[in-house]
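Notes to accompany the following structure.
Below, chains carry the letters A, B, ... as their sequence lines are ordered, and counting in each starts from 1. Computed over heavy atoms, backbone and side chain alike; hydrogens, waters and symmetry mates excluded.
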There are 2 protein chains.
Amino acid sequence: MTDTDRGASRDTRQRRAIRAAFEAAGRPLDPNEVLELAAGSHSGLGIATVYRNIKMLLEEGWLTAVELPGEVTHYELAGKAHHHHFHCRACGKVFELNACLPNVQKLAPLGFQVSGHDLLLYGACRDCSCP
Amino acid sequence: MTDTDRGASRDTRQRRAIRAAFEAAGRPLDPNEVLELAAGSHSGLGIATVYRNIKMLLEEGWLTAVELPGEVTHYELAGKAHHHHFHCRACGKVFELNACLPNVQKLAPLGFQVSGHDLLLYGACRDCSCP
DNA sequence: GTCGTTGCAAAGCGTTTGCAGCCTA
DNA sequence: TAGGCTGCAAACGCTTTGCAACGAC
C-alpha cells in the first residue's frame, strides 16, 4: 500500500486511445467496440492489448463491468453513483437509470445474506416508444 | 402446428436422466452441473448431449434460461411464477427468490416503456452465512 | 538501460457441429 | 426397419497467456 505499489503503470499511446474511446462513447462498450473505436486513433492496436488494458483499468477502478444477459460483457466509466441499466429491445442501446431499490435484503429468504444486487429493465426507450 | 410436427422427439434414457436432474435439483443448473447430476443415473453421458437436450427442452418450453452476470447460462424448469434469483458468492449456487418488485415502471425515466425486468441478489446463502 | 507494455499466435474454456453407429418407436 | 439420438472429437468464438521486440520513464 505504499507509493511504490503503483509505480508500474505506464501511459502508453494504446492506453490513451482506449481511455479516449470510453470517454468519447459515453455508453457501455464491449471489447470489440473498444478496439474499433480506439483503432481510429491508433491503427495496429491488438485485441489482446484491449483486453489487458480493460483488466488494468478495472483493477485501478477506472472502469466497471456491465454484464447484460445474452450479451458479451460491456464496460463503462467507473466513479458514477450506484445505478442500474435499461436495455432497449428496439434499438439495443443501454441507458443508465438513476433509481434504485430500497430494502433488497428483505427480498431474500431468512438466513440469506445480501451483499449486492443488479437490476435490469427491458423495454422501449424514449425514442423507440414515441414514434 | 399439427400432430406430426412433434412426432420427432424420442424419450431416451439420456433425456430422462437430464429431466430428472432438473426436477431433483429444484434450482437453476448450468450444463456442467446437469452433466454431473445426470451422470449419476446414466454414466457415459456426454456434454454435447446435455447441450443438445437443453436446447430441445428450451424449444419445447420445458426449460427457461437464467442468465447471470459473470456466470455461464443456467437453466431451470419453465412454467413457474415470475421470480428472481439469488447468487451465492461463496458456493456459487443459484437459488430462486419468491419476492419481486412493485412498480418497476416508475424506476424508468419519463417516456421509457418498461416491458420486463431482471433482478439478481448476491451474497451468502443460508449454508454459507452460518458456519 | 529497465522493465512494464505491445502484437502476434497459440492456448483455454464453454459451446456447437460433423459423423458413424446406436436405439426408440 | 427408419430416422432421431448419442458419444467422440474437431471446430468455433471469445478471452487469456507466452514470448520476443518495443518504448515510456
Would you verify whether the NZ or CZ of Arg89(B) falls within 45 degrees of the ring axis of Tyr122(B) while also being under 6.0 Å from that six-membered ring's centre? yes

Counting any heavy atom closer than 4.0 Å, what does Leu45(A) reach on the DNA or RNA strands: base, sugar-phosphate only, or nothing? sugar-phosphate

Expressed in angstrom and rounded to an integer, what is the separation of Arg15(A) atom CZ from dG4(C) atom P? 12 Å

List the steps, then state whether side-chain hydrogen bond (donor to acceptor under 3.5 Å, both in side chains) holds for His83(B) with Glu76(B). CA-CA 12 Å; His83(B) 64 279; Glu76(B) 66 181 359; 2.9 Å; yes

Rounded to whole angstrom units, what separation is found between the CD1 atom of Ile47(B) and the P atom of dC13(C)? 15 Å

Does His42(A) make a side-chain N or O approach to OP1 or OP2 of dG7(C) shorter than 4.0 Å? yes

Sort and list the pairs that fulfil ring pair (Phe, Tyr, Trp, His ring centres under 6.0 Å) and have at least one residue in residues 17-38 of chain B, not counting sequence neighbours. none

5′-ward residue of the pair Thr73(B)/Asn53(A) relative to DNA chain C: Asn53(A)

Spacing of Leu35(A) atom CG relative to dT6(C) atom C1', expressed in whole Å: 13 Å

Does the side chain of Gln14(B) pick up a donor-acceptor pair with the side chain of Thr49(B) at under 3.5 Å? no

With His74(A), which residues qualify under ring pair (Phe, Tyr, Trp, His ring centres under 6.0 Å), at least two apart? none

Suppose we call two aromatic rings close when their centres sit under 6.0 Å apart. Are His82(B) and His117(B) close by that rule? yes

From CG of Leu68(A) across to C1' of dC14(D) the rounded distance in Å is 16 Å

Before giving the answer on salt bridge (charged side-chain N to carboxylate O under 4.0 Å, His left out), spell out for Glu23(A) and Arg16(A) the whole-Å C-alpha distance, their side-chain angles and the decisive distance to 0.1 Å. CA-CA 10 Å; Glu23(A) 287 168 336; Arg16(A) 254 176 277 133; over 6 Å; no

So if I take every side-chain heavy atom of Gln14(B) and compare against dT6(D), dG7(C), dT16(D), which nucleotide ends up nearest? dT6(D)

Choose from dT17(D), dG7(C), dC14(D) the nucleotide whose nearest atom is closest to any side-chain atom of Ala48(A). dT17(D)

Side chain of Lys55(A): nearest nucleotide among dT6(D), dT17(D), dT6(C)? dT17(D)

Check the distance between dT17(D)'s P and Ile54(A)'s CD1 and give it to me in whole angstrom. 14 Å

Quick one: what's the B/S/- string for nucleotides 19-25 of chain D, heavy-atom cutoff under 4.0 Å, read 5' to 3'? ----BBS

Does Asn32(A) have a side-chain nitrogen or oxygen under 4.0 Å from the phosphate oxygens OP1 or OP2 of dG13(D)? no

